[in-house]
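These values consider heavy atoms only, across backbone and side chains, with no hydrogens, waters or symmetry-generated copies. In what follows, every chain begins at residue 1, and chains take the letters A, B, ... in the order their sequences are listed.
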Number of protein chains: 2
Amino acid sequence: MADRLRANDISPTHQRVEIARVLFERQEHFTADQILGSVNARHAEVSKATVYNTLKLFVEKKLIRELIIDPTRVVYDPNTTPHHHFYDTVSGSLTDIPADQVRVMGLPPLPPGMIADGVDIIVRTRPLNEPAMSGPTQPE
Amino acid sequence: MADRLRANDISPTHQRVEIARVLFERQEHFTADQILGSVNARHAEVSKATVYNTLKLFVEKKLIRELIIDPTRVVYDPNTTPHHHFYDTVSGSLTDIPADQVRVMGLPPLPPGMIADGVDIIVRTRPLNEPAMSGPTQPE
DNA sequence: TCCGCCGGTTAGACAGAGTCCAATACTGGC
DNA sequence: GCCAGTATTGGACTCTGTCTAACCGGCGGA
Ligand SMILES: [Mn+2]
Ligand SMILES: [Mn+2]
Ligand SMILES: [Zn+2]
Ligand SMILES: [Zn+2]
């Protein structure tokens with residue numbers, strides 16, 4: 001894990017390695033708070049400020065992606081391959097959709113002088129019988 | 001405007017009508033704070049609590065849509081026809097993409113027991129020469 | 001060995017969006 | 001006009017995320 005950080009021009013401090021382990025060994029979608037909790041589950045190792053500092057650094061270095069899907073918090077995605085998401089509006093859970101099969105057609109030309117930076121697709125889903133929705137249940 | 005609210009089972013109070021006027025006459029994307037500011041531009045007419053109450057009500061009644069694109073605030077969209085968005089990651093501005101031309105192919109089947117609730121596409125864009133990005137400049 | 005530098009970490013204060021509450025004001029059907 | 005339900009409101013509060021200023025620690029040079 002330290003080598004992986006070094007390979008991306010990041011000095012592998014103890015805190016950064018611990019955060020990277022949570023992200024890359026588990027390969028799930030995480031909020032900052034979940035990472036803080038996971039890293040410090042056994043005993044305090046990392047502060048809130050460092051979690052935010054480190055996540056920002058990892059995003060800059062393109063080790064992870066930010067997902068803006070939940071109105072109340074940013075979700076971090078250790079999967080940086082091009083992909084989209086199913087978003088269960090009831091439970092709040094996210095599922096990856098590999099992008100290589102997906103094709104979007106008929107998009108209009110970009111506003112002049114603009115360059116495309118990426119396309120995000122979010123498929124909102126809901127359990128078959130669930131009575132419509134308002135907001136997802138916040139886990140823990 | 002009062003009739004439009006009544007037609008959607010909403011009693012047209014003074015405050016709700018003022019908020020509806022901002023949303024539907026201007027037909028732009030708004031944050032709660034922008035609506036609060038617009039309605040109260042001349043003199044105080046509506047409180048923050050009422051703006052949030054009313055926006056939530058309008059969303060329930062499907063007069064407007066919530067857009068989750070900016071990590072720091074929800075954007076409200078008075079255009080409820082199916083459409084997607086260009087998102088200028090530098091200025092933060094949103095531009096509608098009518099959905100009728102757009103076709104998404106190759107999406108995998110939904111997780112079992114799930115029903116699709118909608119598909120949102122966000123095309124992130126950037127001015128041609130702009131030096132990549134981090135966060136959009138917050139207007140006002 | 002000692003010292004200074006400098007990047008990294010940290011507690012806690014702070015900012016901003018959004019929610020909640022209990023008191024007050026309004027509405028509309030009678 | 002009365003009154004019961006509905007809506008509005010200031011302000012306290014919560015929560016995510018940012019900032020700051022102190023601190024820590026490894027390394028390199030004298
Ligand atoms: Mn928020
Ligand atoms: Mn936030
Ligand atoms: Zn993902
Ligand atoms: Zn729109």
S.K.: In terms of side-chain heavy atoms of B:Arg73, which of C:dA17, C:dT19, D:dT8 is nearest?
M.R.: C:dA17
S.K.: Can you measure B:Asp70 atom CG to C:dG18 atom C1' for me and round it to whole angstrom units?
M.R.: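 The answer, rounded to whole Å, is 14 Å.
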S.K.: How many angstroms lie between atom CG of B:Asn79 and atom CG of B:Leu94, to the nearest 0.5 angstrom?
M.R.: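 Spacing of CG (B:Asn79) from CG (B:Leu94) equals 12.0 Å.
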S.K.: Do A:Lys48 and D:dT16 have a side chain to base donor-acceptor pair shorter than 3.5 Å?
M.R.: no
S.K.: Rounded to the nearest angstrom, tell me the gap between atom CD in A:Glu45 and atom C1' in C:dA11.
M.R.: 18 Å
S.K.: Rounded to whole angstrom units, what separation is found between the OH atom of B:Tyr52 and the P atom of C:dA17?
M.R.: 7 Å
S.K.: Is it true that A:Tyr76 and A:Leu57 fall in one hydrophobic cluster, defined by side-chain heavy atoms closer than 4.5 Å?
M.R.: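 Hydrophobic grouping puts A:Tyr76 with A:Leu57.
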S.K.: Would you say the side-chain atoms of B:Asp77 pair up with the backbone N or O of B:His29, donor to acceptor, closer than 3.5 Å?
M.R.: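 No: the side chain of B:Asp77 does not pair with the backbone of B:His29.
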S.K.: Just how far, in rounded Å, is P of D:dT9 from CG of B:Asn40?
M.R.: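 In whole Å, D:dT9 P lies 9 Å from B:Asn40 CG.
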S.K.: Given a cutoff of under 4.5 Å between side-chain heavy atoms of I, L, V, M, F, W and Y, with clusters grown through shared members, what are the other residues clustered with B:Ile97?
M.R.: A:Phe86, A:Ile97, A:Val102, A:Val104, A:Leu107, A:Leu110, A:Met114, A:Val119, A:Ile121, A:Val123, B:Phe86, B:Val102, B:Val104, B:Leu107, B:Leu110, B:Met114, B:Val119, B:Ile121, B:Val123
S.K.: Side chains of B:Asp96 and B:His85: is there a donor and an acceptor less than 3.5 Å apart?
M.R.: yes
S.K.: Once you round it to whole Å, what is the distance between P of D:dT8 and CD1 of B:Ile10?
M.R.: 11 Å
S.K.: Please tabulate, one pair per line, each protein N/O and nucleotide N/O from nucleotides 24-30 of chain C that are separated by under 3.5 Å, including the distance.
M.R.:
none

S.K.: Is A:Thr89 reaching over with its side chain to a backbone N or O of A:Thr125, donor-acceptor style, under 3.5 angstrom?
M.R.: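 Yes, the answer is positive, given that a donor and an acceptor are paired below the 3.5 Å cut-off.
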S.K.: Are any side-chain N or O atoms of A:Arg16 and backbone N or O atoms of A:Ser11, one a donor and one an acceptor, separated by less than 3.5 Å?
M.R.: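 Yes, the answer is positive, given that a donor and an acceptor are paired below the 3.5 Å cut-off.
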S.K.: Here's a test of your reading of the structure: between A:Gln15 and B:Asp33, which maps to the more 5' nucleotide of DNA chain C?
M.R.: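 Counting from the 5' end, the first nearest nucleotide belongs to A:Gln15.
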S.K.: Considering every strand and a 4.0 Å limit on heavy-atom distances, what is the contact class for B:Asn53: base, sugar-phosphate, or nothing?
M.R.: base
S.K.: Nearest-Å distance, NZ (A:Lys56) to P (C:dG8)?
M.R.: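 Result: 14 Å.
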S.K.: Rounding to a whole Å, what distance do you find between A:Ile68:CD1 and C:dA17:C1'?
M.R.: 15 Å
S.K.: Over how many whole Å does the gap from B:Ile19 atom CD1 to D:dA7 atom C1' extend?
M.R.: 12 Å
S.K.: Is any side-chain N or O of A:Thr50 closer than 4.0 Å to OP1 or OP2 of C:dT10?
M.R.: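 Yes, such a contact exists.
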S.K.: Counting side-chain heavy atoms from CB outward, which of D:dG17, C:dT9, D:dT8 is closest to A:Ala32?
M.R.: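 Of D:dG17, C:dT9, D:dT8, D:dG17 is nearest to the side chain of A:Ala32.
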S.K.: What nucleotide among D:dT18, D:dA7, C:dT10 has an atom nearest to a side-chain atom of B:Arg16?
M.R.: D:dA7
